[in-house]
Amino acid sequence: MPETILIIGSEGQVGTDLAESLREVHGSSNVVCCDIRPHTRERAAHGPYAELNVLEREEIAEVFSKYKPTVIYHLAAMLSATAEMNPKTGWELNMDGLFNIFDAAIEYGTKRVFWPSSIAVFGPNTPREHTPQYCVMDPNTVYGISKLAGERYCEYYHKRWGLDVRSLRYPGLIGWKAQPGGGTTDYAVDIFHQALKNGKYTSFLSAGTYLPMMYMDDAVRATIQITDAPADQIRIRSSYNLSGFSFDPAELAAEIKKHLPHFEMDYKPDNRQAIADSWPSSIDDEAARSDWGWDPEYDLPKMVAEMLTRLSSK
Ligand code: SER
């Protein structure tokens, strides 16, 4: 029996890439895309699509009874910077949305659920370098608090109701197919668009702000790999640390300059600086490597070369 896969948040930054990869592997008709936004023309032409608000239980019931998904990727969330501007709505979307999807997954007998957590679960008292899987976690953003609470609920739903949830703490994600949606790490995507268009960029994070980052292809590969892994390999049922590479805005600009020698960057840190300062600069992902074989393919130079090539030909 082929799996029926449901991607919730398919039009977002991760969903766009994930949907393409999953449809290639499983066939378009077996991958149902849904999002609160109306579908893009392109996506609708390629397979089933439903408009879905994860806060509306009736809409969820309709989608679940129509498609009976066996695997769910629940990606709909409000990211760090946007949630700081809308704290109540951010909490509601991130938490109630999670409960609604988990409850429907149990009711409709979904086999496996993937849900992303984030480096935002860490806080100012977390060890900043090579942040371990288990350590002090004192997030001070609504997004981070909701992700940490969500992680605890992943483990709770697994223990209490046997829901097979798998989760990753995504670093900042960099891809060329879709724009990011209101995160603190968005500068690392915007910079490429501006570098190609205007030859310059003003960074909203200061030089020296090292953050854990990952190229989207690696993130999609990790997401599919953990979701498809045999259940006994998933020892951590909250969320796994996941690492690609780390850089600060200055290192990224220098790498871009190797390809675009006239590129210039200046700095104008805004309120996102405080968020970035509370997050780790690098991540220890030993557990993901030993439990289910995680191994990233991209480093900074490879990511930059790929981003510039892809965006210039787009
Ligand atoms: N990229 C996210 C953000 O910046 C972190 O998970 O909000």
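Read the numbers this way: they start at 1 and go in the same order the structure lists the ligands and their atoms.
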Exercise for review: Establish, yes or no, whether a centroid distance under 6.0 Å links the rings of Y240 and W292.
Suggested key: yes
Practice item. Indicate, with yes or no, if I36 and V54 share a hydrophobic cluster defined by side-chain heavy-atom contacts under 4.5 Å among Ile, Leu, Val, Met, Phe, Trp and Tyr. Key: no
Exercise for review: Take atom CZ of F263 as the centre, draw a 6.0 Å sphere, and report whether it contains more than 12 heavy atoms from other residues, nucleotides or ligands.
Suggested key: yes
Review point. Sub-3.5 Å donor-acceptor pair from the side chain of Q233 to the main-chain atoms of S290, do we have one?
Key: no
Quick check for students: name every N or O atom pair between ligand 1 and the protein closer than 3.5 Å, with distances.
from     : atom 1 : to   : atom 2 : distance (Å)
ligand 1 : 1 (N)  : T185 : OG1    : 2.8
ligand 1 : 4 (O)  : S80  : OG     : 3.4
ligand 1 : 4 (O)  : T184 : N      : 2.6
ligand 1 : 4 (O)  : T185 : N      : 3.2
ligand 1 : 4 (O)  : T185 : OG1    : 3.4
ligand 1 : 6 (O)  : S118 : OG     : 2.6
ligand 1 : 6 (O)  : Y143 : OH     : 3.1
ligand 1 : 7 (O)  : S80  : N      : 3.1
ligand 1 : 7 (O)  : S80  : OG     : 2.6

Practice item. May I ask whether V32 and I7 are part of the same hydrophobic cluster, defined by side-chain heavy atoms of I, L, V, M, F, W, Y residues being less than 4.5 angstrom apart, directly or through others? Key: no
Check your understanding: Do you know the tightest heavy-atom contact between T227 and T223?
Key -> OG1-O, 2.6 Å
